[in-house]
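Below is one structure, written out as structure tokens; comments come after it.
Every chain is numbered from 1, with letters handed out A, B, ... down the list of sequences. Predicted, not measured: the structure shown is a model, and the values here were computed from it. Every heavy atom of this structure was used, including side-chain atoms; hydrogens, water molecules and symmetry mates were not.
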There are 2 protein chains.
Amino acid sequence: MVQIPNTPAPTKPPAPRPVPTSADVARLAGVSRATVSYVLNNTSAVRISEPTRRRVHEAARELGYVPHAAARSLRAGHSRVVLMPTLPVPAGPLYSQFVHDFQGALSRLDYTVVQYGTSGLRGDDAARAWAELRPVAVLVPTPGIGPEGVAVLKRSGARAVVTLSPVPVEGAHALLLDHARVGQSAAEHLHARGRRRIGVVVPEEPGMEIFSGPRLTGAREALRGTDATVVELRLAYTQKSAAALAARWADLGLDAVFAYNDEYAMLLMRALTDAGVRIPEDTAVIGADDLMLGRLLRPTLSTVRIALPSGSELAALVDRAVRNPGAEPESHPLSGATVVHRESS
Amino acid sequence: MVQIPNTPAPTKPPAPRPVPTSADVARLAGVSRATVSYVLNNTSAVRISEPTRRRVHEAARELGYVPHAAARSLRAGHSRVVLMPTLPVPAGPLYSQFVHDFQGALSRLDYTVVQYGTSGLRGDDAARAWAELRPVAVLVPTPGIGPEGVAVLKRSGARAVVTLSPVPVEGAHALLLDHARVGQSAAEHLHARGRRRIGVVVPEEPGMEIFSGPRLTGAREALRGTDATVVELRLAYTQKSAAALAARWADLGLDAVFAYNDEYAMLLMRALTDAGVRIPEDTAVIGADDLMLGRLLRPTLSTVRIALPSGSELAALVDRAVRNPGAEPESHPLSGATVVHRESS
DNA sequence: TTGAAAGCGGTACCAT
DNA sequence: ATGGTACCGCTTTCAA
């Protein structure tokens, strides 16, 4: 944008050249818009002479023409967009990897994955916002949608809705990912190893309750009716917070702790060790998510492994569902949660 | 494509009810499409009687009407979409946090962030694919775009293009994020601490070379002309690979290693320690990214901190650029890379 | 207060 | 081998 000095032009915005359209290309090439469309899309049903093709391509290049996706899909009546609302919290390593794989697999199937940030909206409002994009499929990663939400999406043309959450939702394919099971498995493991006063870490970071709530509840339920007790421990992901918690450890009198996930477990283990608490002798520690770091710590960290579906499996499911929208929604239990016992417990 | 009902229709798909449009709402409410638009958008320039409003809302609700974003923005001639191509590799914690913040900040400014997966395409093809969405702004997180790409985007109506990469790109705002500086700082630090045979870890995971290349190069350049030598060390993010590398450690005769980032550093430190290598006595280790885990390890991990811009700062920059597209592109050096010296080096 | 109609940028049918 | 044109769903003048 070169400022031309001698133009006084008080209200002359930088003359935003209008975006070139296919009509502009047609004009420049001296053909019709139809021909432009045929050429640029390599329409096989129509044969266009080589000289014309060349002229069209030439004109398009010269103008820097780029087709307008919205116009195209408006006309087509459908898109190949698979929508994925972004999580309300920063993604962890597990989820990042999953999204990456899923995206790769879907793009190999010629879909386009769009992660769409809808902070603020919840429930059916969110579903409506997603539906405005007319995605061909939607993958909802948290329990952020109900039956009406699914209905809205389907009425708006979504051929498949897949939820990644603990409970199946009417009308949607379900990947049953039960965070309560994580807490339950952890608690059962600790109880089986003879622990009776069990702390459960609940992250203080906002938004995290979506995952931490069920994990806590699951632990509680697993120990209901036993001689063990559960103590909720609020912990922020800072060394300060961990040190403060460790300082009251003796008072808490806990002999075990389920630390929400491996990262919080690492943080807490460090603070406990520094405070002279021996792991696992004084207090057993178990995390979750089976991150690499748990294998690298000393003592190695026991954890609850929770298997996300492989990206390509899920992509295949989505593709199947899109091709055959009539089919009954599938429900896939995600192989629950398995305890990986290591040294810390 | 209307299916004519009296056709025997052997394949009768579940009669996919057509998606309701504003025309349907108008029909049901007994008003014109214009009125529907006025009511649903609360157009202030026009006063619609209360009974009519009610009827329209009623009809919309009954049909489950959701406006068609593509049609709307086609008509409007613009959108509030800020496009962010997804990284070619799974996002790390640093980047996840950044994206999360950026997204939140932008949505507070009434933009919509879309992460768009364009695997496979590169360079100008990718830019064209992005341009098809007619975003109002684009944030390109890796050196994946050149001046022509920027030009394509701008010609397609993008009012701001921001790159997050080592070198400024003509026409785009730049957040200068110099990965070479990271390697350079790490190498200088190790050299200053008396180390002379310095290994540099290069992840074997595909796609990572985008970041690891510059880090390696930076280290090389920092030590050029000194008495120190650089050895490139390929390492996959597995314990096996780390153990294999540790097994040849004596042969390598290295007294220091820059481990690409904190996660690889942790992996390698573990393997080295298990192999009897003392840190930092025998070999100094430094990572990068200043993740929490580096503070939790023992010995604590030296690292190179690289500051991403805060999400809200960047959101503000984008907003400014969108409002004032004529302005000269800004170039913001991202406070380089600072060494955080801890016990491991 | 409401409706008719043009038009945003493409695509694809039907002529020529 | 090409061109004319209707139409996708929505917004927004302009009239009534």
**Atom pair distance, as rounded to whole Å: CZ in A/Arg33 and P in D/dA6** = 12 Å
**Request:** Check whether any side-chain nitrogen or oxygen of B/Ser32 sits under 4.0 Å from OP1 or OP2 of C/dG3, and answer yes or no.
**Result:** yes
**Asked** Are A/Gln115 and B/Thr86 close enough that a side-chain donor and a side-chain acceptor fall under 3.5 Å?
**Response** no
**Prompt:** Only one of A/Thr142, A/Leu87, A/Val89 clears side-chain contact (heavy atoms from CB on, under 4.5 Å) with A/Ile210; which?
**Reply:** A/Thr142
**B/Glu170 atom CD, over 12 foreign heavy atoms within 6.0 Å** = no
**Item:** Atom-to-atom span, CG of A/Leu74 to P of C/dC8 - whole angstrom
**Value:** 14 Å
**Asked** Atom CZ of A/Arg27 and atom P of D/dG3: how far apart are they, to the nearest Å?
**Response** 14 Å
**Prompt:** About how many Å separate CD of A/Glu313 and CZ of A/Phe102, when rounded to the nearest 0.5 Å?
**Reply:** 12.0 Å
**Prompt:** Out of curiosity, B/Leu139 CG to B/Thr163 OG1, how far, rounded to the nearest 0.5 Å?
**Reply:** 8.5 Å
**Prompt:** If you pin A/Val66 and B/Val31 to their nearest nucleotides in DNA chain C, which one's is more 5'?
**Reply:** B/Val31
**Prompt:** Taking CZ from B/Arg72 and P from D/dC8, how many angstroms apart are they, rounded to a whole number?
**Reply:** 19 Å
**Request:** Starting at atom NE2 of A/His68, determine the distance to atom P of D/dC8, rounded to an integer number of angstrom.
**Result:** 18 Å
**Prompt:** Rounded to the Å, how far apart are A/His78 NE2 and C/dA12 C1'?
**Reply:** 13 Å
**Prompt:** Hey, is the side chain of B/Arg75 poking within less than 4.0 Å of OP1 or OP2 on C/dA5, counting only N and O atoms?
**Reply:** no
**Counterpart residues, ring pair (Phe, Tyr, Trp, His ring centres under 6.0 Å), relative to A/Tyr111 (two or more places apart)** = none
**Request:** Please list, by residue number, the residues of residues 34-56 of chain A whose heavy atoms come closer than 4.0 Å to an atom of DNA chain D; answer none if no residue qualifies.
**Result:** A/Ala34, A/Thr35, A/Tyr38, A/Val46, A/Arg47, A/Ile48, A/Ser49, A/Thr52
